[in-house]
Engineer: 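Take this structure, written in structure tokens, and hold onto it; I'll ask about it next.
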Amino acid sequence: PSVAFSGFPEGERLDGFLATVSSLGGSVVEDAAALSGSTVMVVEPSPSVSRTIKLLVAVSVCDIVTPEWVDACRAADQFVPVDAYLLGECTVSSKGIKVPWDAA
């Protein structure tokens, strides 16, 4: 699948996620304009989900999952179904507002 990431700071953790997607044969989407072909958006829910352009576009075209999905894919050495990793209740941005996230 195509995979996009949002809300992750540059660094070793993100680099590891990008390497996992590539090693499993997936492609990484960097640009919000290219998200229409993405199937999965991975967001960093801690301490809060940042409202980025990528995330706002992805809501209508992607499954939104937590980083644990990438960890599970790495452990299984293949892409796994997203159902168990869909984003649930989260805090949005820095406003401290908890909202139920209905990924359906």
Engineer: Restricting to pairs with a member in residues 65-74, which pass salt bridge (Lys or Arg N to Asp or Glu O under 4.0 Å), not counting sequence neighbours?
Structural biologist: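 Checked against salt bridge (Lys or Arg N to Asp or Glu O under 4.0 Å) - neighbours excluded - the pairs reaching residues 65-74 are Asp71-Arg74.
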Engineer: List the atom of Tyr85, the atom of Val80, and the distance in Å for their closest heavy-atom pair.
Structural biologist: CE1-CG2, 4.2 Å
Engineer: Got Thr66 and Val43 here, is their nearest side-chain heavy-atom distance under 4.5 Å?
Structural biologist: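 No. Closest side-chain heavy atoms not under 4.5 Å.
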Engineer: Side chains of Ile64 and Leu86, heavy atoms from C-beta outward: is any pair under 4.5 Å?
Structural biologist: no
Engineer: Taking side chain to side chain contact (heavy atoms under 4.5 Å, CB included) as the definition, give me every residue that meets it alongside Ile53, ordered by chain and number, with sequence neighbours left out.
Structural biologist: Ala32, Val57
Engineer: Atom SG in Cys73, atom CD in Gln78: separation rounded to 0.5 Å?
Structural biologist: 8.5 Å
Engineer: State, with a plain yes or no, whether a side-chain heavy atom of Met41 is found less than 4.5 Å away from one of Leu35.
Structural biologist: yes
Engineer: Is it true that a side-chain atom of Trp69 and a backbone atom of Asp83 form a donor plus acceptor pair closer than 3.5 Å?
Structural biologist: no
Engineer: Are Thr39 and Asp63 close enough that some pair of their side-chain heavy atoms sits under 4.5 Å apart?
Structural biologist: no
Engineer: According to salt bridge (Lys or Arg N to Asp or Glu O under 4.0 Å), does anything in residues 9-20 pair up with another residue at least two apart or in another chain? List the pairs.
Structural biologist: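 Only Arg13-Glu44 qualify under salt bridge (Lys or Arg N to Asp or Glu O under 4.0 Å).
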Engineer: Is any side-chain heavy atom of Val42 closer than 4.5 Å to a side-chain heavy atom of Phe8?
Structural biologist: yes
Engineer: Grab the two heavy atoms, one from Glu30 and one from Lys54, that are nearest each other, plus how far apart they are.
Structural biologist: O-CE, 3.2 Å
Engineer: Which heavy atom of Asp77 sits nearest a heavy atom of Leu24, and at what distance?
Structural biologist: C-CD2, 3.5 Å
Engineer: Would you call the rings of Phe5 and Phe17 parallel, tilted or perpendicular, taking 30° and 60° as the class edges?
Structural biologist: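 Ring orientation of Phe5 relative to Phe17: parallel.
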Engineer: Answer yes if Val40 and Leu56 sit in the same cluster of Ile, Leu, Val, Met, Phe, Trp and Tyr residues linked by side chain heavy atoms under 4.5 Å apart, and no otherwise.
Structural biologist: no
Engineer: Over all heavy atoms of both residues, which pair between Leu14 and Pro9 is shortest? Give the atoms and the distance, please.
Structural biologist: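 Shortest heavy-atom contact: CB-O, 3.8 Å.
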